[in-house]
Structure formats: C-alpha cells, structure tokens
Amino acid sequence: MLVKNIETIKKYAIVNYNFSFEVIESQVRKQERKHILSVIGRELYNSWSDEAPEEETEKEVFDLLQEASANLALLSYTKVGIVSSSDGGLHISMSQNSKPAEWWQIKDLRVELLNSGLEAIDQALEIMEANQSKFETWTNSDQYTIFKNLLCSQTAHFQNYYDISKSRLTFLALRPFLRKVEKQFFEGLLGAETLLQIKEGNSPEEKEATEIARWAQVALCIAEIAKEGIFELTSRGLFTVFEEIPGMNRTKADQVELLKLEQSKSNEGNEILKDLVRHLQKYPVIFQDYDQREKQKITNPVVNGKSIVSF
C-alpha cells in the first residue's frame with residue numbers, strides 16, 4: 001500500500017486524535033486497488049509500495065496518490081464507520097458525548113472526500129503525462145500503452161474537440177468507446193495500413209490527417225456515449241458518473257436531448273470522415289496504401305466497396 005500509517009492519513013484529512021489506522025486499513029487497500037493500481041499499473045504501484053521515490057517529480061506524484069488514497073479510503077469508511085458488528089448483529093455506534101452525523105452532513109463530507117481524492121489522481125496523471133520519460137514503468141504498462149494505439153491517445157486530444165474538464169480519469173473511462181469507434185468507423189473505411197500511417201505519420205499531410213481523424217473520432221465517440229447513459233452529459237461538458245455517493249443528484253440531459261446530441265454528433269463525425277477521405281485522395285503519393293485500396297475497389301468487382309461514409 002502507498003498509505004501505511006495514520007500519520008499519512010492525518011497529513012491529508014482531518015480525523016480525531018484517537019482514530020487508529022487499523023480501523024481504516026482495509027478501506028485503504030480496497031480504494032488503492034480500485035483507483036490507483038488500476039491507473040498507474042501494478043509494477044509501479046508495487047515499487048512505490050515497497051519504497052517511496054526520492055526523485056522530485058516522482059515524489060510529487062507519489063504524494064498526490066497518497067492524498068488520493070487517504071481521502072478515498074475515508075470516503076469508503078463513511079459507509080461503515082457508524083456501524084459495528086458483533087455476535088449480536090449490527091449496531092449503530094453511539095456514546096454519551098457524541099452521536100452519528102446526520103445524513104446530509106455525511107453526504108457533504110462524501111462529496112468533499114470524493115472530489116479531493118479524484119482531483120489528486122487527476123493532478124498526478126497530469127504530471128506523469130507531461131513527464132513521460134521519468135515514468136517509463138507507467139508508459140510501458142497496459143494502463144498506458146493501450147492508449148498508444150488510439151488516434152486520441154492523450155487527454156488533450158479529446159479535450160480539443162469536446163470538454164471533459166481536462167480530466168484524465170474521464171479520459172480513462174472513455175477508452176472502450178474510443179476503441180469501439182476506431183474499429184467500427186475507421187478500420188473498414190481506411191484499412192489498417194492507412195490508419196497506422198495516420199497515427200504515426202510525421203509529414204504535414206499526415207499530421208493534418210491525424211487531426212481530422214481525431215475530430216471525427218471524438219464526435220462519433222460522443223454519439224456512442226449518448227446511447228449508453230453511463231456518463232453525465234450536460235451543457236457544461238462530459239463527466240464520469242462515479243458510484244461512491246449513492247443517491248447523489250446529478251444533472252443529466254433528458255432522452256430527447258440525448259437523442260438530438262447522438263444524431264448531431266453522428267452527422268458531424270460522418271461529415272468529418274468525408275473530409276478525411278477527401279484529404280487522403282488529395283495526396284495519393286503520400287497515402288499510397290489508401291490510393292491502392294481505392295483503385296482495387298474500382299478494378300476488382302469481388303471487393304466490397306461499401307463504406308460507412310457515403311458521398
């Protein structure tokens with residue numbers, strides 16, 4: 001674990017002087033596994049669990065992750081902290097000098113703990129993203145490398161075309177939708193070779209194709225999300241819906257608005273895909289694989305020339 005004692009908990013959150021680490025240790029373990037190990041990878045997590053880093057940037061990230069762990073562990077503890085179990089069953093803990101907090105007080109505390117914990121993880125990921133050479137263990141982990149294969153491989157790529165409040169955690173949650181869109185809309189239309197060229201190209205023409213493709217991917221991704229309902233979509237942007245605070249009121253677009261958004265973004269994405277195709281056709285010498293693919297469709301009647309994008 002990154003947090004191993006009550007002194008670390010007290011560094012980042014307010015608890016009573018007689019609050020013991022043993023009471024919250026299981027929640028620390030649970031929340032670190034769920035929120036921290038899952039985003040930084042097992043190798044880096046195990047390394048820092050054994051020994052805290054000393055390099056300045058690494059230590060800054062480590063401290064933020066400890067802050068996240070402390071706050072999220074206390075958040076989890078608020079669900080069980082007033083309940084004690086014994087041979088006689090479950091009981092609500094009370095004493096002569098104190099009583100359990102009111103439900104609204106607990107809810108406000110949970111919101112604060114959740115926001116503090118997630119913001120700390122976001123800030124840690126922002127630093128890691130900006131200093132990738134210092135976090136090679138992370139950049140070589142499955143938690144990171146799976147994004148290398150996507151058109152939108154960084155938070156900023158998505159943020160350029162749709163507001164997610166620059167949240168790395170929201171971007172992580174978008175991963176399956178980004179992969180689905182790439183598979184469904186790009187591979188069949190462009191071919192694997194051209195898609196890889198667009199992702200890795202360095203020429204001005206290839207870079208322009210990358211930006212056009214990212215724009216289309218974001219629009220089509222939002223269209224897919226509007227169908228699912230697992231994100232909060234409002235006029236302020238897109239947000240991840242976390243389950244840590246049951247019953248928390250959220251502002252969601254109604255079904256009519258979601259349908260309009262789905263149709264709007266689907267149309268937008270397909271129009272941008274048309275722009276991408278026109279761009280590739282404009283430079284046949286550079287995008288030779290795509291040019292050959294198009295010529296094959298014309299000359300070989302066996303090849304199915306249908307695509308998702310129709311002009």
Side-chain angles (χ1 to χ4, degrees), residues 126 129-130 132-133 139-140 144-164 166-168 170-227 237-238 261-300 303-311:
E126 181 179 6
E129 211 171 74
Q132 296 181 23
S133 61
T139 57
N140 290 326
Y144 182 87
T145 53
I146 195 160
F147 282 104
K148 288 181 179 179
N149 299 323
L150 295 172
L151 285 161
C152 289
S153 58
Q154 295 182 15
T155 308
H157 297 160
F158 203 99
Q159 180 70 33
N160 283 339
Y161 300 106
Y162 202 87
D163 185 19
I164 56 172
K166 300 180 180 179
S167 171
R168 274 79 188 161
T170 297
F171 183 64
L172 287 171
L174 289 168
R175 178 172 58 193
F177 296 93
L178 291 168
R179 293 178 67 187
K180 179 180 179 181
V181 163
E182 230 172 79
K183 184 75 175 176
Q184 182 177 351
F185 291 92
F186 288 85
E187 287 189 11
L189 177 66
L190 306 178
E193 297 82 1
T194 302
L195 182 56
L196 182 61
Q197 180 185 3
I198 291 174
K199 291 176 182 178
E200 299 182 349
N202 293 312
S203 72
E205 294 81 6
E206 289 169 329
K207 288 182 178 180
E208 184 176 353
T210 303
E211 286 305 313
I212 298 172
R214 284 174 179 164
W215 186 0
Q217 185 178 38
V218 169
L220 294 167
C221 186
I222 295 299
E224 287 293 318
I225 287 168
K227 296 186 233 177
L238 181 148
L261 178 63
E262 177 192 343
Q263 293 173 340
S264 171
K265 287 299 177 181
S266 181
N267 292 337
E268 178 185 331
N270 277 282
E271 288 301 315
I272 300 167
L273 278 178
K274 292 177 184 179
D275 289 340
L276 176 60
V277 168
R278 282 189 281 264
H279 178 75
L280 300 181
Q281 292 171 339
K282 187 178 178 180
Y283 302 100
V285 176
I286 295 174
F287 300 104
Q288 294 182 20
D289 285 317
Y290 183 78
D291 185 54
Q292 290 297 318
R293 179 183 175 87
E294 291 300 291
K295 288 177 179 177
Q296 186 181 17
K297 287 179 182 179
I298 295 172
T299 59
N300 188 350
V303 176
N304 181 1
K306 294 181 180 179
S307 67
I308 297 167
V309 180
S310 59
F311 289 82

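Exactly one residue among Thr170, Val218, Ile164 makes a side-chain contact (heavy atoms from CB on, under 4.5 Å) with Gln159. That residue is Ile164.
Residues Ser266 and Asn270 approach most closely at O-ND2, 2.8 Å, considering heavy atoms. Shown here for Phe287 and Ala209, the closest heavy-atom pair between the two residues is CZ-CB, 4.0 Å. Pairing each heavy atom of Lys207 with each of Gly201, the nearest pair is CG-O, 4.2 Å. Across all non-hydrogen atoms, the minimal contact from Cys221 to Phe177 is SG-CB, 3.5 Å. Here the closest non-hydrogen pair linking Ala213 and Leu276 is CB-CD2, 4.0 Å. Scanning all heavy atoms of the two residues, the minimum distance from Gln217 to Phe186 falls at N-CZ, 3.8 Å.
The distance from the CG atom of Asp163 to the CZ atom of Phe158 is 10.0 Å, given to the nearest 0.5 Å. Trp215 CH2 to Ile272 CD1: the interatomic distance, rounded to the nearest 0.5 Å, is 4.5 Å. Interatomic distance, CG of Leu220 versus CD1 of Ile225, reported as 11.0 Å (0.5 Å rounding). Tyr290 OH to Ile198 CD1: the interatomic distance, rounded to the nearest 0.5 Å, is 9.5 Å. Distance check: Glu224 CD to Lys180 NZ gives 4.0 Å after rounding to the nearest 0.5 Å. Atom-to-atom distance recorded for Arg168:CZ and Thr155:OG1 is 4.5 Å, nearest 0.5 angstrom.
With hydrogens and angles ignored, the 3.5 Å screen pairs a side-chain donor or acceptor of Gln288 with a backbone N or O of Val285. Looking at Arg214, its side chain never comes within 3.5 Å of a backbone N or O of Cys152 through a donor-acceptor pair.
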Checking side-chain contact (heavy atoms from CB on, under 4.5 Å) for the pair Leu151/Leu195: CA distance, chi angles, key distance, verdict? CA-CA 9 Å; Leu151 285 161; Leu195 182 56; 4.1 Å; yes
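Identified under the salt bridge (Lys or Arg N to Asp or Glu O under 4.0 Å) test for residues 264-273, with sequence neighbours left out: Lys265-Glu268, Glu271-Lys274. For residues 186-199, every residue pair satisfying the side chain to side chain donor-acceptor pair (under 3.5 Å) rule, not counting sequence neighbours, is listed here: Glu182-Lys199, Lys183-Glu187, Gln197-Glu206.
Side chains of Leu178 and Phe171 form a contact here, defined as non-hydrogen atoms less than 4.5 Å apart.
Remark: Asp291 pairs with Pro284, Lys295 by the side chain to side chain contact (heavy atoms under 4.5 Å, CB included) rule, at least two apart or across chains.
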